[in-house]
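We're numbering straight along the sequence, starting at 1. Here the structure is a predicted model, which means the values were calculated and not measured. Just so you know, these numbers use all the heavy atoms, side chains as well, and skip hydrogens, waters and symmetry mates.
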Amino acid sequence: MIEAPPTVYAELDVQALVFNAKVARSHAPQAKLMAVIKADAYGHGMIPVAQSLTDEADAFAVARVEEGVVLRESGCRQRIIVLEGFNGSEQLALCRKHRLETIVHCREQLNWLSAAQPGVPVTVWIKLDTGMNRLGFRLQSLAEVVRQLLSLDTVARPLHLMTHLACADESENAMTGQQLRVFELAKMLADGETCIANSAGLLAWPEAQSDWIRPGIMLYGISPFAGKTGVELGLKPVMKLYSRIIAIKPVYPGETVGYGGDWRCRQTTRLGVVAMGYGDGYPRQIAKDTPVMIGESQMPIIGRVSMDMLTVDLTSCDEAKVGDQVLLWGDHRLPVEIIATAANTIPYTLVCGITRRVKRVVVNEC
Ligand SMILES: *Cc1c(COP(=O)(O)O)cnc(C)c1O
C-alpha cells in the first residue's frame, strides 16, 4: 500500500490540551473538572481528546446519549455526564447500561424514569433554569421535582444540581448575578454536588464557582470572550489547520479570479491555489484579504472560497512553491479567533465545522 501525507489535516496538540486543562483547574483549585467534549470535542476528535485528558478530568460532559455511548465504548472509565439528558425510555436504558449520568430537565423525563424497570439506578443532575430559558426546571417547581426523584428506586442518591449561565461572557451583564442568586436558593433543596460555570463563567465570575467547573472552549485554547484571544488569556491553541499550495500561476491585469469573477487583477499577480474550502469547514463568508500563513509570511486570500480550494496572493512571497505547507489557523500569530471575526462568526463554529474529510493528526503526546 502506498501511503502519502494528507494534503489537509487538523493537528491536535495534546500538550496544549493538558496545559489548558491545568489553567482551568488553576482558576478553581478546589473544584472538580468536568471537561466538555461534546460535538466531537468541538471538532478536535472526542476520543483522542478524552484519552489525552484522562489524568486531568474528573468527568467528561457530552451533549447526547449517543456521544456518551461512543465515549464509554472507547474505554473511557471516568464519569460521563449527558448535558441534554435522555429523550425516551430507550435512551434511559442506554444511560443505565453504560453508566452515563443524565441531566433531568423536564417532566417527561420523570415519567420515563418512573416507568423504568428496576435495576441499576441512574445518577441524576437536576437542571435548574435560572434564566437561560433553554433546559431546566424553574425554582418554583424544584422541590416537587426533588420529591418525585427521591421516590424512585431507579434514581441514585444524592441528587446533583446544575445550571447554565446565559451571559457569562459579558462581564458587565447583570443576568449572571441574578442567575447565581436563584441557584443559591436552589442549593438548599438538593443534597448532591453542584455545577455552574462554563469557560466564561470560570474565567470572569469567581462567584460562579461550585463543586464542579464545566469548561469546554478554553480547553481547546480558545477564548469565550469577543475581542480576546485564548493566547491573551494564557491558553495554548490546540488545533492547527493545515493544507498545501497545489498550483501557482500568474494572472494579468484585467483578469478575474474564481467564481463570480469577484476579484479583479490590477497588476500582474502571482496566484497560489490552496487545497482548502468550505467542504473542509473553512468559512466561505471570510472577509477579503484575510491571511493564511506560508512559512513565516502572512499572505491574503483573494477571490471567493470554493468547496475545495481558495486562492491567495503570493506576489510578495517569491520563495513560495507548489507543495508548501499553508496554515489556515492555530498559530499564535493567526489564532482561530481572528479568523472567526473575519468570518463574522465565533470560533466555536469554526472548530466544530471542520468536516470529516479533514484528517485529525495527534501530536505531542505525553
Ligand atoms: C457547551 C456547554 C458548556 C461548555 O461551554 P464553553 O463555553 O465551551 O465553556 C457547558 N455547559 C453546557 C450546558 C454546555 O452546553
[Y] reachable from [X] in the ILVMFWY side-chain graph, under 4.5 Å edges:
X	Y	result
V257	Y282	no
Y348	V358	yes
W112	V146	yes
W205	W212	no
M299	I301	yes

Is the [atom1] atom of [X] crowded by more than 12 outside heavy atoms at less than 6.0 Å?
X	atom1	value
R138	CZ	no
E73	CD	yes
D55	CG	no
D191	CG	yes

Would you call [X] and [Y] a salt bridge, using N to O less than 4.0 angstrom?
X	Y	result
K228	E337	no
D308	R357	yes
K32	E193	yes
E184	K187	yes
E67	K38	no

Between [X] and [Y], what is the shortest heavy-atom contact and its length?
X	Y	answer
R107	F137	N-CE2, 3.8 Å
H98	R72	O-NE, 2.8 Å
L100	V65	CD1-O, 3.9 Å
S151	R157	N-NH2, 4.4 Å
I196	A208	CB-O, 3.6 Å
M276	V8	CE-CG1, 3.6 Å

For the residue pair H105 / R134, report whether a side-chain donor-acceptor contact shorter than 3.5 Å exists.
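Note: R134 and H105 side chains miss the donor-acceptor criterion.
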Parallel under 30°, tilted from 30 to 60°, perpendicular over 60°: which one fits the rings of H160 and W125?
tilted
Are M34 and M162 close enough that some pair of their side-chain heavy atoms sits under 4.5 Å apart?
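Sidechains of M162 and M34: in contact.
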M239 side chain near I354 side chain, heavy-atom distance below 4.5 Å:
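In short, these two side chains touch, coming nearer than 4.5 Å.
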Looking at I346, L233, N198, which hits side-chain contact (heavy atoms from CB on, under 4.5 Å) with P224?
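Looking at I346, L233, N198, the match for P224 under the side-chain contact (heavy atoms from CB on, under 4.5 Å) is L233.
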With rounding to the nearest 0.5 angstrom, report the [atom1] to [atom2] distance, [X] to [Y].
X	Y	atom1	atom2	answer
L310	S243	CG	OG	7.5 Å
K127	C195	NZ	SG	9.5 Å
T194	F183	OG1	CZ	5.0 Å

Main chain of L33, side chain of D58: is a donor-acceptor contact present, judged purely on distance under 3.5 Å?
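Yes: the side chain of D58 pairs with the backbone of L33.
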If you apply the rule side-chain contact (heavy atoms from CB on, under 4.5 Å), what do you find for V155 with V104, and how did you get there?
CA-CA 11 Å; V155 173; V104 170; over 6 Å; no
N20 vs K236, side-chain contact (heavy atoms from CB on, under 4.5 Å): CA-CA, chis, key distance, verdict
CA-CA 7 Å; N20 297 330; K236 293 186 179 167; 4.0 Å; yes
Under the criterion side-chain contact (heavy atoms from CB on, under 4.5 Å), I'd like the reasoning laid out for V238 against L12: C-alpha separation, chi angles, the key distance, then a yes or no.
CA-CA 6 Å; V238 173; L12 169 69; 3.1 Å; yes
Between L128 and I126, does the side-chain contact (heavy atoms from CB on, under 4.5 Å) criterion hold? Intermediate values first, please.
CA-CA 6 Å; L128 188 73; I126 304 173; 5.7 Å; no
